[in-house]
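One structure below.
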Amino acid sequence: MLTAVGEWQQGLAEAISARFGVALPPEQIPFTFPPKPEMGDASTPVAFSLAKALRRPPAAIAAELAAVSLAGVRESRAAGGYLNLYLDRGRAIGDLLAGRFTPAAVPGKVIVEHTNINPNKAAHVGHLRNAVLGDSLVKCLRYLGRTVEVQNYIDDTGVQVADVVVGFERIKGFSLGEVKALMAALSAFDPPKSGPFSEVRLGAWAARCPALLAEHPAWRGVERELERCCGRFDSFCWELYAQVGPWYAQSDEHKAARLETLHLMEAGGNETAAMAALVAEEMVRRHLGTMERLGIRYDVLPHESDILKIGFWRSCFDKLKAAGAVHLVPAESEDKNRGCWVMALAESDEFKGMSDADKVIVRSNGTVTYIGKDMAYQLWKFGLLGRDFHYRPFDTPLYEVWRTDAGTAQIPDGVILASEARPESLPKRDAGQAGMTGKSDHEASPSFGGGEAVINVIDVRQSYLQKIVKEGLRQMGHEAQADRSIHFAYEMVALATKFVRAEMEKGVRFDLSEEDLAKPFVEMSGRKGLGFQADLLLDRIKDRALHEIEAREPDLAKADPAQWESRADMLATAALRYYMVRYNRNQVVAFDLEQALAFEGDTGPYLQYACVRAEAILRKAAEQGVAVPDPDHAATLEALAPAFDDEGWALLSLFMRVPVQVKAAVDGLDLNIVARQFYEAAQAFHAYYHHFPVLQEPEDLKRRARLLTVALFARLLRQGLTDLLGIPVPERM
RNA sequence: GCGCCCGUAGCUCAGCUGGAUAGAGCGUCGGCCUCCGGAGCCGAAGGUCGUGGGUUCGAAUCCCGCCGGGCGCACCA
């Protein structure tokens with residue numbers, strides 16, 4: 001079935017063919033939205049493109065096309081070469097509610113990979129940008145009728161995890177048992193459930209610390225980390241990780257610790273490997289918790305350790321060799337890559353002009369690089385590997401999410417599986433939950449991978465590597481899949497030096513030179529502990545929200561603290577998500593706390609407020625016994641639509657643009673246009689609200705038309721914010 | 001050196017595949033709550049769209065050069 005716009009394109013194409021003898025494919029007739037409401041509801045500049053071929057002025061062509069009658073169009077007018085359409089308002093609203101502006105569903109599964117945080121420290125604002133962009137993209141794809149599978153890749157075997165393990169074992173002298181005890185102590189911490197973070201949680205934690213230190217003499221070296229972590233394990237590791245770099249720099253012996261640790265992790269069956277698994281698993285749980293605060297969830301968590309154990313790389317390597325995509329550089333050669341398996345990139349257009357066009361895939365010591373593992377993973381995502389993971393539920397009380405499992409394949413004896421290693425104090429999954437019990441897990445486990453298109457949300461600094469993965473697919477003969485491997489590249493989040501200076505004035509220490517501070521922003525670095533933790537940011541925004549709510553409803557905190565909290569959470573989610581999605585993806589976000597904390601103007605809460613205000617009117621109407629017209633009732637629409645104020649109509653007609661904008665957003669991976677669209681709608685509503693009394697309007701027909709306008713606006717905005725931007729809307733704020 | 005990205009109002013950013021008079025927010029200044037919630041609204045000031053060419057009926061937008069800034073181009077992920 002054609003969309004409403006599709007019908008206009010069809011109608012115009014036929015008319016153009018009949019009148020001018022020019023065959024124009026309907027989908028090539030462009031539609032835009034006029035800058036002012038009096039210029040109509042939709043518009044096409046098609047006359048401009050016909051002008052040259054027909055050797056007639058655009059205005060004359062548009063004038064002739066204005067005589068063509070189009071479905072659902074009340075009137076067509078030519079204006080300055082444009083053809084402006086004025087719609088039958090009742091019908092247009094009906095079409096919109098019936099989804100006739102949304103493109104038809106597309107078959108095939110899209111796999112979106114995002115978040116991918118190294119499981120060795122707390123998530124920071126940069127990870128938030130990734131997750132928010134990824135999740136918003138997922139929502140937009142689903143809105144357009146796509147089936148989407150969300151994957152969050154866990155690199156649980158890399159040096160980053162090893163570094164934290166080094167921190168625990170070598171720097172702090174922690175045993176596996178002590179790490180377990182620390183995790184247990186932190187997850188047992190039960191701060192008061194409501195009130196500002198800075199007063200309540202921090203206070204309670206500060207009070208708890210001395211007792212913990214007294215109970216655990218082995219923790220004498222971590223007083224500072226413990227105090228600063230606010231009772232969070234990921235935050236503790238954030239502090240710890242920042243100490244590892246300087247420690248390595250102290251001596252060669254220290255440097256060697258990293259490699260030793262990595263070897264122990266690979267070998268398995270020892271305390272170090274168990275600690276790595278334990279730390280990584282708990283970290284993933286923490287990250288899922290952070291993202292859950294923003295309503296971001298995943299379907300499956302592929303683990304790098306499983307990719308290795310189950311032999312994905314070996315299959316991929318066989319395919320690469322069979323296709324001649326990699327070759328071995330002879331060990332006796334003079335080449336700097338001697339002894340390595342490399343992929344030649346020189347012949348590909350993407351890489352021309354490179355001085356060194358070979359990429360090492362397998363090192364001379366026989367180990368595979370990250371890029372190789374990524375290629376195996378990408379093959380699996382497309383169902384091209386011919387092998388699959390086993391799956392089991394990931395151990396978290398938050399929601400049902402699966403993780404990969406190597407099954408019985410090649411797990412060295414004695415390796416403590418992460419699930420067995422979890423501390424007893426963590427909440428256990430409800431055994432009654434479907435698909436969550438014992439043996440039935442495998443039978444009930446859904447299938448993952450085998451997507452028809454793959455979108456990897458990874459920051460722009462990895463573009464080169466993503467290109468190589470794509471090139472690998474191509475060289476293996478998977479041309480079509482290479483074309484459907486999309487790298488959603490976005491610029492990094494850095495710290496605005498303005499913000500850094502403000503923090504330094506408050507006593508926070510950053511290891512930065514004067515030269516760094518002279519720049520507009522500085523890159524974050526987990527290694528240096530230079531960054532801003534995601535949970536802390538959310539806490540700060542929430543605190544602000546709690547205060548703002550309290551200022552408006554002083555009694556709420558006492559009367560209904562749960563409600564108070566829940567509204568503040570929604571405000572924080574809105575502020576943060578909007579902040580992360582409002583920028584163009586090519587724009588470096590120079591993180592500034594002041595901007596992230598803003599609730600006024602071009603912000604998430606402003607959008608929520610528009611919705612809350614509209615719903616307040618409807619609630620008030622109900623209280624006064626005034627009936628709100630039902631938008632789903634066709635006859636009501638027909639009757640009231642002609643009585644819409646022009647401004648009210650202009651407001652509603654903005655929502656007809658949403659499907660077009662979402663399509664454009666997904667095609668161009670420019671999600672900011674979706675955010676902007678709703679911002680404009682909110683702006684239009686706030687203005688409408690001030691200029692058009694609804695309940696006070698004396699004339700019955702007008703009042704009912706305005707109530708209908710408000711009802712439609714509230715529904716469309718709430719739906720849009722929730723479904724596309726993941727911004728929840730409270731009933732009051 | 002090669003490649004990608006950014007440069008638009010004091011600051012932070014929009015400006016969609018060239019198209020209607022370059023727009024928002026913050027900040028500044030001035031107004032608006034006996035009236036559906038002031039997290040709001042209305043108004044003012046503020047821009048030679050980094051720069052020089054080119055293509056076009058038409059360029060912030062496309063092409064080329066230059067200037068300034070960021071990021072890539074590992075047997076690290």
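Below, read A as the first sequence line, B as the second, and so on, with proteins coming before strands; counting in each chain starts at 1.
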Nearest whole Å is fine: how far is [N] [atom2] from [X] [atom1]?
X: A:Leu345; N: B:G3; atom1: CG; atom2: C1'; answer: 14 Å
X: A:Ile541; N: B:A39; atom1: CD1; atom2: P; answer: 19 Å
X: A:Glu600; N: B:A24; atom1: CD; atom2: P; answer: 18 Å
X: A:Arg461; N: B:C4; atom1: CZ; atom2: P; answer: 19 Å

Quiz item: Backbone N or O of A:Glu647 within a donor-acceptor pair of the A:Asp645 side chain at under 3.5 Å?
Solution: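 Side chain of A:Asp645 to backbone of A:Glu647, a donor-acceptor pair under 3.5 Å: no, none is there.
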[N] phosphate, OP1 or OP2: any side-chain N/O from [X] under 4.0 angstrom?
X: A:Gln677; N: B:C16; result: no
X: A:Tyr606; N: B:C41; result: yes
X: A:Arg619; N: B:C36; result: no
X: A:Gln624; N: B:C36; result: no
X: A:Arg703; N: B:C36; result: no
X: A:Asn584; N: B:C5; result: no
X: A:Asn586; N: B:C6; result: yes
X: A:Tyr464; N: B:A74; result: no
X: A:Tyr609; N: B:A39; result: yes

Under a 4.0 Å threshold between the charged nitrogen and the carboxylate oxygen, would [Y] count as salt-bridged to [X]?
X: A:Arg552; Y: A:Glu548; result: yes
X: A:Arg567; Y: A:Glu553; result: yes
X: A:Arg540; Y: A:Asp543; result: no

Exercise. Just call it for A:Gln661: base, sugar-phosphate, or nothing, with non-hydrogen atoms closer than 4.0 Å on any strand.
Key: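 Since a base atom lies under 4.0 Å of A:Gln661, the category is base.
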Practice problem: Report the residue from A:Tyr579, A:Tyr679, A:Tyr578 that forms a ring pair (Phe, Tyr, Trp, His ring centres under 6.0 Å) with A:Tyr606. | Solution: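 Among A:Tyr579, A:Tyr679, A:Tyr578, the one meeting ring pair (Phe, Tyr, Trp, His ring centres under 6.0 Å) with A:Tyr606 is A:Tyr679.
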Quiz item: When you match A:Lys36 and A:Asp602 each to their closest nucleotide on RNA chain B, which lands nearer the 5' end?
Solution: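 Closer to the 5' end of RNA chain B: A:Lys36.
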Self-check item: A:Arg544 NZ/CZ over A:Phe599 ring centroid, <6.0 Å and within 45° of normal
Solution: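 Relative to the ring axis of A:Phe599, which defines the angle, A:Arg544 lies inside both limits.
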Quiz item: If you draw the axis of the six-membered ring of A:Tyr689, does the NZ or CZ of A:Arg613 fall within 45° of it and under 6.0 Å from the ring centre?
Solution: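 Here A:Arg613 passes the 6.0 Å and 45° test against A:Tyr689.
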Self-check item: Nucleotide-level pairing of RNA chain B, given in dot-bracket where Watson-Crick and G-U pairs need both distances under 3.5 Å and | marks other strands
Solution: (((((((..((((.....[...)))).(((((.......))))).....(((((..]....))))))))))))....
